[in-house]
Each structure stands twice: as C-alpha cells, then as structure tokens.
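Have a look at the structure below, then the notes.
Predicted, not measured: the structure shown is a model, and the values here were computed from it.
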Amino acid sequence: MIYEYEKGDAMNENRIKRIPYGKGDFEAVNAQDDYYVDKTMFIPKIEMLPFVFLIRPRRFGKTLFLSMLHSYYDIRKKDRFKDFYKDTWIYDHPTPERGKYMILDFNFSAVVKDREKVQDNFNFYCNVKIDDFLERYSHYIPEGLLGKMNGIKTSSEKLQIISSGLKESEIKLYLLIDEYDNFANSLLAEYGPSEYRKLTRQAGYFKQFFTHLKEMASGSDAGLGRMFITGVSPVTLDDITSGFNIGDNISIEDQYNEILGFTEDDVLKMIDYYTDAGLFHIDKAQAVEIMKTWYGDYLFSENSAVTLFNTDAVLYFVQKSFHQKSVIRYLIDDNLRMDYGKLRYLIVLDQRLNGNFSRLKEIIENRSIVSTIKRSFPYEKLADSGNFISLLYFFGLLTFKGTFNRGDPVLTIPNETIQKLMYEYICESYEDVDVFRVDMYCLREKFRTLAYDGKMEPLFNFLAYEINRQTRIRDYLQGEKVIQDFFMAYFGLFDFYLSLSEEELNKGYADIVLKPFCHKYPDIGYGWLFEFKYIRRSKTTHKQTRDGKDKQERCIEPKRHEALEKNIHEKVNEARKQLAQYGNSDDAALKKMLHAAPYGNVKIKKGIVVFHGWELVHISDEGEL
C-alpha cells in the first residue's frame with residue numbers, strides 16, 4: 001500500500017517510502033522506493049577478506065545484506081550501478097571489484113525439513129540454483145564447461161566442475177550462502193542427533209558439499225574468488241569443516257559490530273521521516289525509549305560502544321504504529337520468537353532438565369554472566385557450559401555489555417523481548433518434562449487483579465495451590481533465590497509490568513520490583529515491591545525400631561510448630577525493615593521509576609511472601625508506600 005503525503009511540502013517525492021518489513025530482495029526494495037538503511041559502507045571492509053563467515057541472530061537483515069552484495073558485484077548488473085546505489089555511501093566510493101563477478105547464491109532455509117526428503121530436496125534445490133547460474137552467465141562461462149555438465153546429477157559434483165572450469169577464466173565466482181545452518185538446525189531440533197550426524201559425518205551429503213567448497217577456494221588460480229556465508233550458529237560449520245578454516249569469522253570483530261542492525265541514529269532518522277510524512281504520531285522520545293527497552297542494546301563486539309536495535313523489530317514497531325496515537329498492543333512480533341524446539345534439545349535430556357537448564361536459570365536470575373565467546377565448537381560439546389553460553393549469544397539471547405569482570409567480558413540479556421522469551425523457555429521446559437503447568441488464562445486474570453486492584457493474595461495463592469497440587473515441582477524449589485526466580489519466570493510472561501530482580505533501591509536490593517508498563521497500560525493502578533523469605537524445611541528424623549530398621553518420621557511436633565511460627569515472625573519483621581529501607585513517601589526517585597504521583601497515577605504497594613521449603617506459609621499486603 002502506498003500512502004499519499006499528508007504534508008504536501010514535507011518532501012520532494014511523490015510517495016512515502018514503504019517499510020521493507022520482512023523483505024530480503026535489495027533490488028525490489030530499491031525498485032519500490034522502500035525505506036533503506038544504508039550498509040554499503042561495509043563493502044570495502046569486506047573486500048579485505050576473500051572468504052567471510054558472519055553469524056547474527058534471526059531478523060537482523062542478513063538476507064537483505066547478501067542481496068545488496070549480489071547486486072553490487074554481479075557482472076550482469078554493472079551498468080545499473082546508479083539505478084541501485086544512487087542514494088548510498090558506496091555510490092560516491094565505488095571499489096575496483098564492483099561488477100566483476102558471476103554470482104552463485106543459495107538460501108538453505110528453502111530446503112525442506114522432512115528427514116525422509118531432505119537429502120533429495122537439498123540436491124534438487126542446489127541443482128536448480130546451479131542450472132540457473134549456468135544459464136544466466138552463459139556468455140561469461142568458458143567454452144566447453146556446459147558440455148561437461150551432461151549426465152551430472154549431484155550438486156557437489158557440478159560445483160567441482162564449475163570451479164575447475166573457471167580456473168583459467170578472468171571472471172571468477174562469488175558464492176553467497178544465506179542461512180547455511182537453517183535446515184540442519186531444524187533437523188537437530190526435530191529429530192535429534194542421529195539425523196544431524198547423517199549430514200555432518202564423513203560421508204554426509206552436506207559435509208561433502210562444503211568439502212568441495214574448500215577445494216574450490218584452494219590455490220592461487222581457484223575458480224572461487226569470494227564467498228560470504230551467514231547463519232545463526234557456528235556449530236554446523238564446525239562439524240562439516242572441522243572449524244571454519246577456509247575463511248574469516250568476522251562475527252565478533254570490532255569493525256563489523258554495526259554491519260547489521262540499526263543504530264539509535266538510524267532509528268531517530270526513521271521516526272523523523274515518517275513523522276514529517278504525517279504517518280507517525282507517537283512522541284519520538286517515548287518511541288525510542290520503548291524500542292530500546294524492547295528491541296535494543298545489542299553489542300556484537302566486546303569492545304564496541306555502539307549498541308544496536310533488532311532490524312525487523314524496529315520496522316515492525318514503526319509500521320504497526322502508523323496512524324496510531326498510543327503504543328501498539330503487541331510489542332513482540334511473532335516472527336522474533338525463536339522456536340523453543342531450537343533450545344529444547346540443549347536443556348532437556350531423557351525427559352529430565354539437565355545442567356544447561358540450570359545455567360539458563362542462572363542467567364535469568366542475574367540477567368548477566370561472565371564468559372568468553374567460543375567462535376567454533378562441534379555439536380558433541382554443546383553440553384559444555386562455555387559452549388552453551390556462546391550458543392545463547394549467537395542466537396541473540398545474550399549480548400556483550402561492553403564491560404569486563406576479572407578479565408572476561410560480561411554478557412547480558414539485551415532487552416525485554418529476550419527476557420520474556422527466556423521466561424517462556426523456562427516455563428515450557430517445566431511443561432516439557434511434566435514438572436509444572438498452569439492455566440495461563442487464569443494466571444493472567446490473577447495478575448490483572450494484582451495490577452489493577454492492588455490485591456496480591458489471589459496471584460500468590462493460585463501459584464501456591466498449583467505447587468501443592470503438582471508435587472514434582474517441589475524438587476526444584478529449594479532456596480530463597482530459587483523460589484524468587486520461579487515467580488519471576490511466571491511474572492515475566494505478561495507485560496503489565498517490567499519485572500526487576502534484586503533492583504537497587506536506597507542502598508538496598510529489593511527481591512522483586514514490578515514496574516508498571518504505563519506506556520502500554522496507562523490506567524494501571526499499582527506498582528509493587530516484594531520481599532521473599534525462605535525457611536528451610538526440617539530434615540527427616542530417623543528412629544531405630546526394635547528390629548533395627550530405620551523409621552522415618554516427618555510429623556511436626558507442637559514444639560517444632562512453635563519454632564516454625566517464631567521463624568516466620570522473624571522473617572516477616574526482617575522483610576518489613578527492608579521494605580522500609582527501600583523507599584518511603586518522600587522518595588522522589590522511586591516514585592518517578594514506578595510512575596507514582598506527581599509523575600503518574602500509580603500507587604506503590606509493598607508485599608511480603610514467606611516460604612517454608614516449597615510451601616507458602618505467609619503472605620501479607622503491607623499497604624501503600
């Protein structure tokens with residue numbers, strides 16, 4: 001749809017540039033005059049390296065970037081340089097290699113994920129792309145090369161013939177591979193290691209394909225002049241090539257931090273453009289704050305200071321906001337959600353949660369972790385904590401914070417979108433092994449009562465009841481921090497609040513702060529400060545029977561019951577002192593943070609929750625601040 005300008009003299013064009021959401025074709029974006037954030041200034045940097053491997057999370061614009069490279073280097077399109085690049089940086093700074101290559105491109109997301117058909121479909125897809133390549137560049141291909149293709153059925157053999165035939169040619173091949181690991185990751189998630197190994201073992205067809213690529217890149221007269229590969233994980237390439245030893249992995253290099261994604265300046269310019277066009281009406285400062293909170297703060301280099309926004313998330317937000325006066329209701333685009341299945345095989349083993357699940361909970365608990373990034377590791381070593389953390393980074397669930405702790409970089413959860421997705425993974429993991437599940441409709445109703453009526457008992461009693469009813473969860477609920485994290489995970493499933501754990505308030509650290517998301521819910525009534533306390537359950541006592549066998553007794557005697565009541569009383573008093581320390585009615589900073597008067601209409605309430613092991617033994621509404 002083309003929107004006519006509402007401000008006739010705002011721009012010199014006849015039409016507003018459309019949002020290229022979900023588009024990966026550079027020439028189509030250009031032909032339709034879509035809004036394009038220029039990344040052509042990275043072309044000279046890429047030319048310093050002949051064979052390049054770049055990993056970025058989903059929806060960061062990898063496909064569009066490769067399409068831009070395709071148009072720039074394609075010898076068939078060298079005379080259309082002005083048409084495609086007239087408004088870009090590279091138009092005024094063209095490189096000598098512009099329009100010098102024949103382009104062979106693959107996008108392996110097109111390969112089917114059915115294990116019974118994947119090998120044949122992979123070969124069929126590659127053959128279609130190679131045959132199309134041979135037809136498009138028939139005028140540039142050396143004489144006799146096409147004849148050698150007669151009777152050749154496998155795509156890897158065709159690649160060998162092309163490479164050999166181009167050795168004497170002045171025009172070399174530029175190979176582009178997008179989403180190289182897409183169908184391999186899907187097979188691993190859906191069918192497990194056995195199907196994955198069929199791809200990557202010595203005789204595996206995918207391994208053979210990449211073996212031939214390595215051969216094509218070898219020697220001074222190699223037919224393959226350049227190659228650019230993208231994906232979301234280094235695992236598959238490590239398995240099929242024993243490490244990326246045919247090129248340079250630029251994924252965490254400082255100078256390529258901004259090669260994909262939007263900077264804050266990019267976002268501001270986009271908002272200005274559509275505001276001037278009369279389509280965008282949300283306050284600019286508010287819009288940028290929301291987008292940074294939900295889509296921003298990515299760093300792809302440990303030494304970089306320029307944070308980035310997820311490309312498609314920004315385009316989604318801006319497009320959905322056209323003609324809107326308030327913040328869009330659904331802030332997380334469904335296309336941004338990474339399938340839980342992609343992580344399931346890493347955190348669930350034999351219907352039990354393994355060590356990686358604990359690591360994931362630890363990251364959520366602290367919202368950060370200190371670790372180096374391993375740029376290459378095989379599937380068999382994914383259970384190693386360092387490799388698992390690295391994979392979370394490459395998937396976009398962690399990012400560099402730009403700081404170091406005792407020599408190693410600090411990795412952090414970048415934004416609220418990723419935080420909520422991680423909460424979902426935790427809850428889905430519990431369901432996956434039949435440990436704990438709740439009715440989400442009922443839970444949301446209890447949460448709404450907390451937010452709008454200021455009543456905490458329905459929510460906590462509901463979850464406490466389910467914990468009592470579903471006994472398997474009890475084994476996972478041992479310790480104050482564990483209980484706190486459990487509730488944080490379920491709080492985080494809904495966006496009435498931004499859930500903050502161990503938030504520093506007046507030289508203290510509140511266990512959980514629920515900060516109202518007033519941009520989306522302007523009528524929300526209450527913000528909350530919670531203190532969680534934990535009392536360890538008494539150990540099982542043993543008595544000797546007359547026959548010498550042990551007898552377990554778990555009954556709580558009256559004296560022990562009195563001791564428990566005394567312990568609860570002490571914990572509640574301790575919590576009250578802490579809540580009093582965090583803030584009072586004169587605390588302007590806290591009021592501003594939680595949108596209380598005079599900064600908003602939210603009322604701040606305090607609550608105390610005490611658990612005896614997995615059992616809720618005290619809950620009290622401590623009133624308003």
Side-chain angles (χ1 to χ4, degrees), residues 57-60 261-271 280-300 305-321 324 326-338 363-364 366-368 396-403 410-424 447 451 488-489 491-505 510 512-522 524 527-528 589-596 599-600 602:
R58 297 177 67 245
R59 319 302 290 188
F60 259 86
F262 293 159
T263 65
E264 185 169 337
D265 187 54
D266 292 331
V267 174
L268 289 170
K269 288 179 179 177
M270 187 183 303
I271 292 175
F280 196 87
H281 304 289
I282 301 173
D283 177 75
K284 181 165 72 171
Q286 180 187 19
V288 172
E289 178 189 348
I290 292 171
M291 283 192 276
K292 188 166 186 177
T293 300
W294 287 84
Y295 315 135
D297 280 342
Y298 290 95
L299 271 179
F300 297 109
V306 180
T307 59
L308 297 162
F309 294 76
N310 180 288
T311 303
D312 272 17
V314 170
L315 297 178
Y316 165 84
F317 180 89
V318 173
Q319 180 170 268
K320 292 294 184 181
S321 297
Q324 299 293 317
S326 59
V327 176
I328 60 176
R329 182 162 186 80
Y330 300 104
L331 286 166
I332 302 180
D333 177 12
D334 287 339
N335 287 320
L336 286 176
R337 297 180 183 275
M338 177 185 152
I363 292 169
I364 293 175
N366 300 314
R367 194 147 182 162
S368 65
L397 301 179
L398 290 173
T399 193
F400 288 112
K401 190 176 182 180
T403 58
V410 177
L411 303 174
T412 185
I413 298 173
N415 49 56
E416 284 298 318
T417 293
I418 300 303
Q419 180 80 56
K420 289 195 174 296
L421 293 182
M422 281 193 161
Y423 287 143
E424 290 180 10
F447 216 82
M488 277 288 289
F491 288 176
L493 295 178
F494 309 106
D495 63 358
F496 292 113
Y497 296 100
L498 303 183
S499 304
L500 308 175
S501 177
E502 299 296 333
E503 185 72 6
E504 184 173 7
L505 299 173
I512 293 179
V513 176
L514 297 185
K515 177 182 178 182
F517 187 22
C518 291
H519 291 316
K520 182 175 180 180
Y521 301 101
I524 200 166
W528 286 89
L590 181 62
K591 288 182 176 181
K592 186 174 183 179
M593 177 179 127
L594 298 184
H595 307 284
Y599 308 99
V602 172

What residues form a side chain to side chain contact (heavy atoms under 4.5 Å, CB included) with K284, not counting sequence neighbours? L268, I271, D272, V288

If every non-hydrogen atom of L493 is compared with every non-hydrogen atom of E424, which pair is closest and at what distance? CD2-CG, 3.7 Å

What residues, two or more places apart in sequence or in another chain, satisfy side-chain hydrogen bond (donor to acceptor under 3.5 Å, both in side chains) together with S368? none

Does the side chain of L514 come within less than 4.5 Å of F496's, by heavy atoms? no

Sequence-distant partners of F447, ring-ring contact (aromatic ring centres under 6.0 Å, His included), two or more places apart: F491, F494, Y497

Show the nearest heavy-atom pair for residues P57 and G396, with the distance to one decimal. CG-CA, 3.5 Å

For R58 and N335, indicate whether the former's side chain and the latter's backbone hold a donor-acceptor pair under 3.5 Å. yes

Among L498, N415, T417, L331, whose side-chain contact (heavy atoms from CB on, under 4.5 Å) with T293 holds? L498

Looking only at heavy atoms, the pair that brings G527 and P516 closest together is CA-CG, 3.8 Å

Output the distance between atom CG (L398) and atom CD1 (I413), rounded to the nearest 0.5 Å. 6.5 Å

Quick one: are T311 and R59 in side-chain contact, heavy atoms under 4.5 Å? no

Working note: H595 + K515, criterion side chain to side chain contact (heavy atoms under 4.5 Å, CB included); need CA distance, chi angles, decisive distance, verdict. CA-CA 8 Å; H595 307 284; K515 177 182 178 182; 4.3 Å; yes

Any idea how F60 and F300 line up, ring-wise: parallel (<30°), tilted (30 to 60°), or perpendicular (>60°)? perpendicular

So CG of L421 and CD1 of I332: to nearest 0.5 Å the spacing works out to 5.5 Å

Nearest 0.5 Å please: distance from the CZ atom of F280 over to the CE atom of M270. 10.0 Å

Set of salt bridge (charged side-chain N to carboxylate O under 4.0 Å, His left out) partners for D266, sequence neighbours left out: none

What's the verdict on side chain to side chain contact (heavy atoms under 4.5 Å, CB included) for I364 and M488, showing C-alpha distance, side-chain angles and the deciding distance? CA-CA 9 Å; I364 293 175; M488 277 288 289; 5.9 Å; no

Any residue meeting side chain to side chain contact (heavy atoms under 4.5 Å, CB included) with H519, in chain and number order, not counting sequence neighbours: Q286, E289, I290, V327, F517

Are side-chain heavy atoms of S326 and I282 found at a separation under 4.5 Å? no

With sequence neighbours excluded, tell me which residues meet ring-ring contact (aromatic ring centres under 6.0 Å, His included) with Y423. none

At what distance, to the nearest 0.5 angstrom, does CZ of F309 lie from OG1 of T263? 8.0 Å

P414 meets the side chain to side chain contact (heavy atoms under 4.5 Å, CB included) criterion, sequence neighbours left out, with Y298, T399, I418

Got a sec, which residues hit side chain to side chain contact (heavy atoms under 4.5 Å, CB included) with Q324, two or more places apart in sequence or on another chain? none

Under the side-chain hydrogen bond (donor to acceptor under 3.5 Å, both in side chains) test, which residues partner K592, sequence neighbours left out? none

Sidechain-backbone polar pair: Y295 side chain, D312 backbone, donor-acceptor under 3.5 Å: no

Heavy atoms, side chains only, cut-off 4.5 Å: are W528 and V513 in contact? no

Do V267 and K292 pass the side chain to side chain contact (heavy atoms under 4.5 Å, CB included) test, and can you show the C-alpha distance, the side-chain angles, and the key distance before you say yes or no? CA-CA 10 Å; V267 174; K292 188 166 186 177; over 6 Å; no

Residue list, ring-ring contact (aromatic ring centres under 6.0 Å, His included) with F262, at least two apart or on another chain: none

How about K401: does its NZ atom have over 12 heavy atoms from other parts shown lying under 6.0 Å from it? no

Kindly compute the distance separating CD (E264) from CG (L308), expressed to the nearest 0.5 Å. 11.0 Å

Would you please name every residue forming a salt bridge (charged side-chain N to carboxylate O under 4.0 Å, His left out) with K520, sequence neighbours left out? D495

For G402 versus L299, what's the shortest heavy-atom pair and its separation? N-CD1, 3.8 Å

